[in-house]
Structures are given as structure tokens and as C-alpha cells.
Q: 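Take this structure, written in C-alpha cells, and hold onto it; I'll ask about it next.
Throughout, a chain's letter reflects where its sequence line sits, starting with A, and its residues are numbered from 1.
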Amino acid sequence: MNIEQLLKSSTVQAFQALFAAEVPETSVTINLTKKEFEGDYTVVTFPLVKLSKRSPEETGRLIGDALKEKLNFISKFNVVKGFLNISFTDQFWIERLQEINTNAFTAFPKNGKKVLLEYCSPNTNKPLHIGHVRNMLLGYSTTEILKATGYDVTTVSIYNDRGIAICKSMAAYIERGNGATPQSTGIKGDHLIGDYYVLFGQIVNEQLRAKYNVSAEQDIFKTIGKEKEVAEQETEIFAKAKDLLLKWEAGDTDTIALWKKMNGWVYEGYQVTYDMMGVKFDKDYYESQTYKLGKDIIDEGLTKGVFYKRADGAVAIDLTPDGLDEKILLRSDGTSIYMTQDLGTAQVRYDEYHMDRMIYVVANEQDYHFKVLKLCLQKLGKQWADGIHHLSYSMVESPTGRFKSREGKTADADDMIAEVLRIAEEKTKELGKTDGFTEEEAQHLYRTIGLAALKYFILKVNPYQKIIFNPEESIDFHGNTGPFVQSSYVRTRSILRKHGNDSLPLDTATPLHNSERELMLLIYEYPGTVKYAADNYNPAEMANYVYNLAKVYNKFYNELPILTAETEREKNLRILLSKVTGDTIRKGMKLLGIEVPERM
RNA sequence: UGAUGUAUAGCUCAAUCGGAAGAGCGCCGGUCUACGAAGCCGGGAAUGCAGGUUCGAGUCCUGCUACGUCAACCA
């Protein structure tokens, strides 16, 4: 039963009977009653007074009387200005508790819609950084939320595994690598390749200093008066990287072998991080295999007259009518650019999956890019392009602004994870919570808690909001945090362990306390919250929800005795409330990709 | 210059078609011989500025200010 919908339609009917006037359902708003007033749900009567021609108070009273007459589970109501606060009977809520305690309550039926969701998609010349962490968390959680609401979701990642960037790492490796491997150095594969990418930059600097006779104290690029991107092209090491790129494109055996070897190390390294984060992809795409895609779409666009060939030979589309600019889609020499590939890849994916929606989890730097992508496909008359959605998110920044690579370790994903696990271990030991744990169990617990802290910290913020992360101040474990929610869950488990497995007959005539009602109302909101989070592609909705639930449970827990309740029926009710609270927290956290422990 | 996003308490964040502005951190004060104190209870503090629409605006409209991002035949 959808209570809010029922109240809404009942209000419309009552209004018609009372005032012989029709109000649209859209003008009736139902909210949860605010805490400082008595009631469960509130009907806002301000919009109705025009037609009722009575004061807000009188309108509220009349509707309240009519509703109470019609719906036998309304126990009472009060009117404050234009707010009609309605209370339901205790029996009604206890029946809802029974309803909640069934699997059907949180299960959405399959809706037959297919979703393709792309996320993570790193460049293979560097380890994952904090931005990828946010991306992975959003991508994973959104996938879980969509699945929970009935979608059939396929996740994909695309690796930017070719191009000048990886060739730079290769060039530096050839120059100074001495055959180093992850095994010989003990360095994680993606970090090893990242180190050579950094080394490439250092070699560029060395060579420029030597060439222009710039001392170590002076800033090279200021001294020689050239942009870094321009100056580096003058160096021998850059020439070698460029040469590797050409050889790669020509299919040179040795070059391809080295490229495969080094990328292989990177994937091994990424896999370790993925396993730690708990993410996985149904399908991997590689730019080396897709970068030539898109030419067909260009031809199609030219034939249809949607694209045009400029005098210089480049293919473009004029998006000025849509408030954008002229956008080049193919270089004048006929080679692809990023957009060409993305157009082609989108078509290939549609041909393969025939998905109803295609979601790209990509940072908001690329808002413009995805607007163009979607528009191009729509203008080509592809219906499925309407289902393209760019799940855009803001950057994670340090207190001084954007994380720069030279700030080094602070922005590295693996370091960040290691740090939060270390803190989890430290705090857990401080509290003496692992007595009786084996070493293996303890380690698993630290990981569960640490990852919860990290994941929740990032997911609780709306995607469009930037996150300020101060590496100097460690992620908190108190208050609005993942460990807080976990610890509330652990309490519910503790209660159930002590109680045992006895059945819990409910007496629907048990009088309810406020904190019990508050808890039931919130649990009852769970399916609506999941739906809302799915519709808005927003895991933060779920994070806020589980936090609220944990908070309300703690209040209930502190106010009322559970196992030592005065009467048997109160005890049974409260134990069942503890159980469904725990179940709901666990389900909600799962949608965030966060595990809950039995003890902590 | 244009497009786009953001601006809420000292700090970090919430606020479901416009409907009664909420948390956490920090600070102060209570609360464990224990149904688990990573908790609970109490205290003070906020919608960038100026207009407009509305019974009602943090939310919608106009203008302004500040910060971010984008506007490559880069990715």
C-alpha cells in the first residue's frame, strides 16, 4: 500500500464532497510530519483554500474530519495554520511492521529495461587516483541501486591504453628501466608504469636544462620562454616516444610486445585496487581496439547532411542552434579524434546490447563533450540516443584546490585506502573491540570498517557537489560516517544474538512510543528512497537514508529497554523492530557497496 | 567574451513538483559497576547581494558578486 498516494486521493475526494469543487492531485502535497509537531503525515492545505473559500485552519479541520471518517486507521489529527497533521493508529503501524518484515516489501519486480553503465575508464599510464575512487563508488553504487529497482544493468569500462601517454612511459622505461619488473622491484604494476611516466618528465627537464644551459635553481620554462608542451617536443626522449607511437601504429613487433607487457602490469595493479574496492566490470573495452571506430558514423552523418565537410577537409557539425559551437568530428587528415571514437563506440554498444539507457560516469569536466555526443546521435535520428545520460560528478579537491600530481601521494587511491585501513585498525584497537578475534578476523574487520569510512565519506555528498578532502585530517569515524552506521547495525545484531531464535508473535494492540513510531515510519520509507535514488542516479540519497535510520534507531535504543521490556508484547515488538532496522541498514549499505560486520 | 555548475551555522554537508530550514565536526555541559558509549541528552550559531512571481521562495524568474569547469583538428 502506498500511504501517501492513498492520503492524496482521499483528500481530493473529501474535498470534492465537502466543497463541491475539484482539485487536481498535483496541488495536494503530503509530507512526513515534522518532529516538533504531533502526527505521522501532513497534508498541506494552503493550496486548497482558494476553492474551499474557508480559512486554512477550517479547511484543514473539515478535511481532517472527513478523512478520519473515511479511513479507519486514522486515530487523530491536528491543524496548525495550513498544515493538517494526521496520526495513524498504533495497530496500523504494527501491521505495517509485519508487512515490512517480508521479502516482498523491498523487492522491486524486473522492469525489463536494459542499462549499460560505463565507469572508471582510466588511462593506463598512471595508477588510480582519488577521482577514480569517487568514480568507482558512484558507478558501483548506481549500478546496485538500478538493479535493486528492477533494471538489468551491464557495467563496462574502457581503457585508454594507447597513444602518446603510454609511449612516454615506454620511452622512459627503455632509457632507464634496466629491465625492471613489478616482481624485481616489489612495486605494484600500475605504480611502476606511473613512476616511468613521471621519470619521462624528469628526463625532459634534464635534456632541456642541458640544451639551454639552465641551472637547477631556475624554472626551465620561464627561462626559455616556452610552454612545457611545446618545449618537450624538442627533446630526444620525446622523439623516442613519438617514434614508439609510430611503430606501435605500424604494428612493430618489439614495440607491441613491450606495450603489452607494460599494460599487463598496469592491469594486474588495477585488479588489486578493484578487488579492494569491490568493483568489477561485466565487459572491458580497450581504446587500442576501438580507436578506429566512428568512420562509419561520419559517413552516415555526411550522407544525411547532418555533418559537413569543411574547406580544409575536416568534418564538422554546427551546433550553434543548440547553444553550442561548431564541433570538429574528424581531422582534416581523416584521422579520428576522441569524439569520433565515442560516436563509434556508442553505436557498437547499441548494436550489441540494444540498451534502453546508456550511462557514462565521467567527471563534470566533460559535460560539454557528452552534450555534443548525445546531440550528434540524436540529430542522426537515433532514437536510442535519448537514453544517453551523463552521470556527471565534481572533482575531489584538496583544501588548496585541485589535486595536482606533484602533490603526489595524497591523491593516490591505493595510499588513501591503506591510510584509512590503518586508522580503522588503530581506532578499533583503541576501543578494544577485537578481543576474541583471530588475527584474520581482525584484519578483515579493519578492512570492512576502513572501507566503509572511505566509501561513505565520498558517497554521502551529492555527485554535483565538489568534495573537499584534507589528507592532513584523517577521515572521521564518529557522527555522520560509515562506521557509525555499521556500529548501529552491530547493535541490532547483538540484540538478536542475545534473544536467540524464538518466534516473535506480535500483539497489534501494543501501545507505541514515539521513538518506535518514528522508526517504523522511516523504515517504511525505504522502497520510496531507493526509487528516488534510482530516478536521480544519486547514491547520496541512500547514504543519507541509512544514516538517518541508524540515528533514529540509536535514539530508540537509548530510550526504551528492549530485552528487558516490561511486557512480553513490548519486548517482541522491539526485537522485531531491531531486526527489520538491521535488515534495512544492511540492504541500504549494500546498495552503497558497503559491508556491515556482525561485531565491531 | 560565451556556456555551465556551485554559494545554507566557525568548518564539512542535508533539505523528494515551491510548503513548518536539518545533521555531523569543533566548542560547552550532562550521561556507562553497561540490552555494545564508534552511542544518547542538552546549549549557541545559517539560506552570497538586490529585485520579482506566489497565500508561501534555500528551491522558480531577472540582474549582480565570488569561486570552479568547459568553449582544441587534446584526452
Q: Can you tell me how far the OG1 atom of A:T434 sits from the CD atom of A:E425, to the nearest 0.5 Å?
A: 8.5 Å
Q: Rounded off to whole Å, could you give me the OH-to-P distance for the A:Y446 and B:rA38 pair?
A: 15 Å
Q: Applying ring-ring contact (aromatic ring centres under 6.0 Å, His included) as the test, list every pair that has at least one member in residues 316-344 of chain A; sequence neighbours left out.
A: A:Y338-A:H369
Q: Distance check needed: B:rG36 C1' versus A:E598 CD, whole Å only.
A: 14 Å
Q: Taking only nitrogen or oxygen atoms into account, show me every contact under 3.5 Å that the protein makes with nucleotides 44-48 of chain B, one pair per line with its distance.
A:
none

Q: Please list, chain by chain and in numerical order, all residues satisfying side chain to side chain donor-acceptor pair (under 3.5 Å) with A:E541, sequence neighbours excluded.
A: none
Q: Atom OH of A:Y456 and atom P of B:rA38: how far apart are they, to the nearest Å?
A: 18 Å
Q: Can you measure A:R493 atom CZ to B:rC35 atom C1' for me and round it to whole angstrom units?
A: 15 Å
Q: Judged by atom type as modelled, is there a donor-acceptor pair below 3.5 Å linking the side chain of A:H390 to the main-chain atoms of A:K371?
A: no
Q: Output every pair passing salt bridge (Lys or Arg N to Asp or Glu O under 4.0 Å) with a member in residues 38-48 of chain A, not counting sequence neighbours, ordered by first then second residue.
A: A:E38-A:K76, A:D40-A:R517
Q: A side-chain contact here means heavy atoms from C-beta on lying under 4.5 Å apart; do A:F77 and A:L67 qualify?
A: no
Q: Roughly, in whole Å, what's the span from CD1 in A:I30 to P in B:rC17?
A: 14 Å
Q: Residues in ring pair (Phe, Tyr, Trp, His ring centres under 6.0 Å) with A:Y360, at least two apart?
A: A:F370
Q: So does A:N480 get a backbone contact from the side chain of A:K460, meaning a donor-acceptor N/O pair under 3.5 Å?
A: yes
Q: Is there any protein nitrogen or oxygen under 3.5 Å from a nitrogen or oxygen in nucleotides 7-11 of chain B, and what are the pairs?
A:
from: B:rA7; atom 1: OP1; to: A:Q465; atom 2: NE2; distance (Å): 3.4

Q: Tell me, for nucleotides 18-24 of chain B in 5' to 3' order, what letter each nucleotide earns: B for a base near a protein heavy atom under 4.0 Å, S for only sugar-phosphate near one, - for neither?
A: -BBSSSS
Q: Mind calculating the distance between CD1 (A:I467) and C1' (B:rG5) to the nearest angstrom?
A: 15 Å
Q: For a quick test of reading the model: is some side-chain N or O of A:S487 closer than 4.0 Å to OP1 or OP2 of B:rA38?
A: no
Q: Residues in side chain to side chain donor-acceptor pair (under 3.5 Å) with A:T510, at least two apart?
A: none
Q: Reading 5' to 3' and counting Watson-Crick or G-U wobble pairs with both distances under 3.5 Å, write the dot-bracket notation for RNA chain B, | for bases paired outside the strand.
A: (((((((..((((.....[..)))).(((((.......)))))....(((((..]....))))))))))))....
Q: Would you mind checking if A:E25 and A:K8 are paired as a salt bridge, meaning a charged N to carboxylate O distance below 4.0 Å?
A: no
Q: Compare the minimum distances between each of B:rC13, B:rU4, B:rG39 and the side chain of A:F484, then state the nucleotide with the smallest one.
A: B:rG39
Q: Heavy atoms under 4.0 Å, any strand shown: does A:K8 hit a base, just sugar-phosphate, or nothing?
A: base
Q: Using a cut-off of strictly less than 4.0 Å between a heavy atom of the residue and any atom of RNA chain B, enumerate the qualifying residues of residues 558-569 of chain A by number.
A: A:N558, A:L560, A:P561, A:I562, A:L563
Q: Let me see the working for A:Y553 and A:F556 under ring-ring contact (aromatic ring centres under 6.0 Å, His included), right down to the final yes or no.
A: CA-CA 5 Å; A:Y553 180 77; A:F556 153 81; 5.5 Å; yes
Q: Pick base, sugar-phosphate or nothing for A:T428, based on heavy-atom distances below 4.0 Å to the nucleic acid.
A: base
Q: Looking at side-chain heavy atoms only, is the closest gap between A:F484 and A:Y456 below 4.5 Å?
A: no
Q: Taking side chain as C-beta onward, heavy atoms only, is A:S487 less than 4.5 Å from A:F477?
A: no
Q: For the pair A:S9 (side chain) and A:L6 (backbone), establish whether a donor and an acceptor sit closer than 3.5 Å, ignoring hydrogens and angles.
A: yes
Q: Go along nucleotides 66-75 of chain B 5' to 3' and tag each nucleotide: B for a protein heavy atom under 4.0 Å from its base, S when only backbone or sugar atoms are that close, - otherwise.
A: ---SSS-BSB
Q: Could you tell me if A:R162 sits above the aromatic ring of A:Y291, with its cationic atom closer than 6.0 Å to the ring centre and no more than 45 degrees from the axis?
A: yes
Q: How far, in whole Å, is B:rC41 from B:rU4 if one measures between their C1' atoms?
A: 46 Å
Q: Is the backbone of A:S515 close enough, under 3.5 Å, to the side chain of A:H513 for a donor and an acceptor to pair up by distance?
A: no
Q: Rounded to the Å, how far apart are A:E525 CD and B:rA15 C1'?
A: 14 Å
Q: If we only count heavy atoms from C-beta on, is the A:L32 to A:Y41 side-chain gap below 4.5 Å?
A: yes
Q: Is B:rC17 in the syn range, within 90° of 0, or in the anti range?
A: syn
Q: Side chain to side chain donor-acceptor pair (under 3.5 Å) with A:E426: which residues, sequence neighbours excluded?
A: A:R422
Q: Donor-acceptor pair, A:S157 side chain versus A:S121 backbone, under 3.5 Å?
A: yes
Q: Tell me: CG of A:L445 to P of B:rA38, nearest whole Å?
A: 13 Å
